[in-house]
Amino acid sequence: MNAFVSRLSVSALCPSIAAGFVLLMAQPALSAACKQANAVYQDRDAAYELRFTPLGSEAAAASNRFNVKIKSSSVEMQGFVLLSEDPERSNAILMFNCPEGDTTGEELEACTVWQGPVYGIDAKGEIANLKTEGGEAAEKLMLPGLGPAMRESSLWEAGKANVAPWDVLTYGGCIQ
């Protein structure tokens, strides 16, 4: 008996299973209904949560704002995505305990945990610049070098972080 006949028999005997499979395959990505400004992601070990929040200003220089929380602690880092030109790239900076108000370059460097490009990955696996906060949420985020940067940061030295996140985070929900 060939594979086609086997599949046909299963469909004939179990129409509800076949219908469920068709519905599952036809459903759009879960993140499609969520704006990037409201998307939540986690790393593969579920040790970190990255949560986008609306900027609240159309005049802001950043295209996105986010927080990263180490789930086993009260540590929460703040991040921003800025668009650069020539070529256009989504670049992010992740900071912890930066001083309020005007800061010097030295102070900013001391509180920076990671900085680099941030990419959105869609349901088909296509990689592109992260969309602005009003765009459709990505299925996955790629933050190259995030894990190694965490290991070299002041958070690691102070014992506040003890698990380095993977560089790819997966969509986990939408905050409305």
Side-chain angles (χ1 to χ4, degrees), residues 28-58 60-84 88-100 103 107-176:
L30 294 175
S31 64
C34 187
K35 300 289 184 205
Q36 193 64 62
N38 303 99
V40 178
Y41 298 85
Q42 74 175 10
D43 69 312
R44 71 178 182 184
D45 300 318
Y48 288 81
E49 178 183 84
L50 187 151
R51 182 179 295 239
F52 283 92
T53 58
L55 287 165
S57 170
E58 290 187 26
S63 64
N64 301 84
R65 177 174 55 190
F66 62 94
N67 294 320
V68 175
K69 178 164 180 26
I70 301 174
K71 289 185 175 183
S72 64
S73 75
S74 62
V75 172
E76 192 164 323
M77 298 162 273
Q78 298 75 41
F80 293 93
V81 178
L82 304 154
L83 294 176
S84 67
E88 185 177 285
R89 291 282 186 264
S90 300
N91 291 298
I93 185 167
L94 182 62
M95 302 164 288
F96 179 68
N97 275 351
C98 282
E100 295 287 325
T103 58
E107 289 171 322
L108 188 58
E109 187 175 323
C111 68
T112 298
V113 174
W114 171 84
Q115 61 183 349
V118 58
Y119 301 104
I121 304 172
D122 67 16
K124 295 178 185 175
E126 297 290 324
I127 299 171
N129 283 326
L130 183 69
K131 294 182 181 175
T132 59
E133 67 175 10
E136 182 181 298
E139 282 294 308
K140 295 182 179 185
L141 301 177
M142 183 169 47
L143 295 90
L146 177 62
M150 288 291 296
R151 283 189 177 275
E152 295 177 15
S153 74
S154 60
L155 284 171
W156 202 272
E157 293 167 7
K160 294 180 186 296
N162 57 14
V163 175
W166 187 243
D167 293 353
V168 176
L169 305 172
T170 303
Y171 177 82
C174 190
I175 305 301
Q176 295 299 332

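Just so it is clear, the values below take in all heavy atoms, side chains as well, and ignore hydrogens, waters and symmetry mates. For reference, positions follow the sequence shown, starting with 1.
Counting all heavy atoms, side chain and backbone alike, A39 lies closest to A137 at CB-CB, 3.7 Å. The two atoms that bring A110 and S154 nearest to each other are O-OG, 4.5 Å, heavy atoms only. The minimum heavy-atom distance linking E133 with L55 is given by the pair OE1-N, 2.8 Å. Among all heavy-atom pairs drawn from Y41 and Q36, the shortest one is OH-NE2, 3.1 Å. Minimum heavy-atom separation, Q42 to K71: OE1-NZ, 2.7 Å. Looking at every heavy atom in both residues, C174 comes nearest to Q176 through SG-NE2, 2.7 Å.
Expressed to the nearest 0.5 Å, how far CD1 of I127 lies from CE of M142 amounts to 4.0 Å. With rounding to the nearest 0.5 Å, the separation of CG in L94 from CG in L50 is 8.0 Å. Atoms OG1 and NZ, from T132 and K35 in turn, are 9.5 Å apart once rounded to the nearest 0.5 Å. A distance of 9.0 Å separates SG in C111 from CD in Q78, rounded to the nearest 0.5 Å.
D43 places no side-chain N or O within 3.5 Å of a backbone atom of P165 that could act as its donor or acceptor partner. When atom types are taken as modelled, the side chain of N129 and the backbone of E88 share a donor-acceptor pair closer than 3.5 angstrom. For the pair D167 (side chain) and L146 (backbone), a donor-acceptor distance under 3.5 Å is present. Judged purely by atom type and a 3.5 angstrom limit, Q115 has no side-chain atom pairing as donor or acceptor with the backbone of V113. With hydrogens and angles disregarded, no donor-acceptor distance shorter than 3.5 Å links the side chain of E49 to the backbone of V40. Between the D122 side chain and the K124 main chain, a donor and an acceptor come within less than 3.5 Å of each other. In this structure a side-chain-to-backbone donor-acceptor pair under 3.5 Å is present from T112 to L108. Looking only at distances, a side-chain donor or acceptor of W114 sits under 3.5 Å from a matching main-chain atom of P144. Here the side chain of Y48 pairs a donor or acceptor atom with the backbone of V163 at under 3.5 angstrom.
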- Task: Could you walk me through whether C34 and Y171 pass side chain to side chain contact (heavy atoms under 4.5 Å, CB included), step by step?
- Result: CA-CA 10 Å; C34 187; Y171 177 82; 3.4 Å; yes
- Task: Report the C-alpha distance between Y119 and L130 in whole Å, list the side-chain angles of each, state the deciding distance to 0.1 Å, and finish with yes or no for side chain to side chain contact (heavy atoms under 4.5 Å, CB included).
- Result: CA-CA 5 Å; Y119 301 104; L130 183 69; over 6 Å; no
- Task: Start with the C-alpha distance between R89 and L83, add both sets of side-chain angles, then the distance that settles side chain to side chain contact (heavy atoms under 4.5 Å, CB included), and finish with yes or no.
- Result: CA-CA 6 Å; R89 291 282 186 264; L83 294 176; over 6 Å; no
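Looking at residues two or more places apart in sequence or on another chain, you find no side chain to side chain donor-acceptor pair (under 3.5 Å) involving N97. Evaluation of the side chain to side chain donor-acceptor pair (under 3.5 Å) rule for N38 yields no partner, not counting sequence neighbours. With sequence neighbours excluded, the residues forming a side chain to side chain donor-acceptor pair (under 3.5 Å) with T53 are R65, listed by chain and number.
Within the 4.5 Å cutoff, the side chain of K131 has heavy atoms near those of the E136 side chain. Taking 4.5 Å as the limit, some side-chain heavy atom of K160 sits within range of a side-chain heavy atom of L155. Between V75 and F96, the closest side-chain pair of non-hydrogen atoms falls below 4.5 Å. Residues R51 and I175 are in side-chain contact: their nearest non-hydrogen atoms beyond the backbone lie under 4.5 Å apart.
Remark: K69 NZ is packed, more than 12 non-hydrogen atoms of other residues, nucleotides or ligands lying under 6.0 Å away. In W166, the CH2 atom is not crowded: 12 or fewer heavy atoms of neighbouring residues, nucleotides or ligands sit closer than 6.0 Å.
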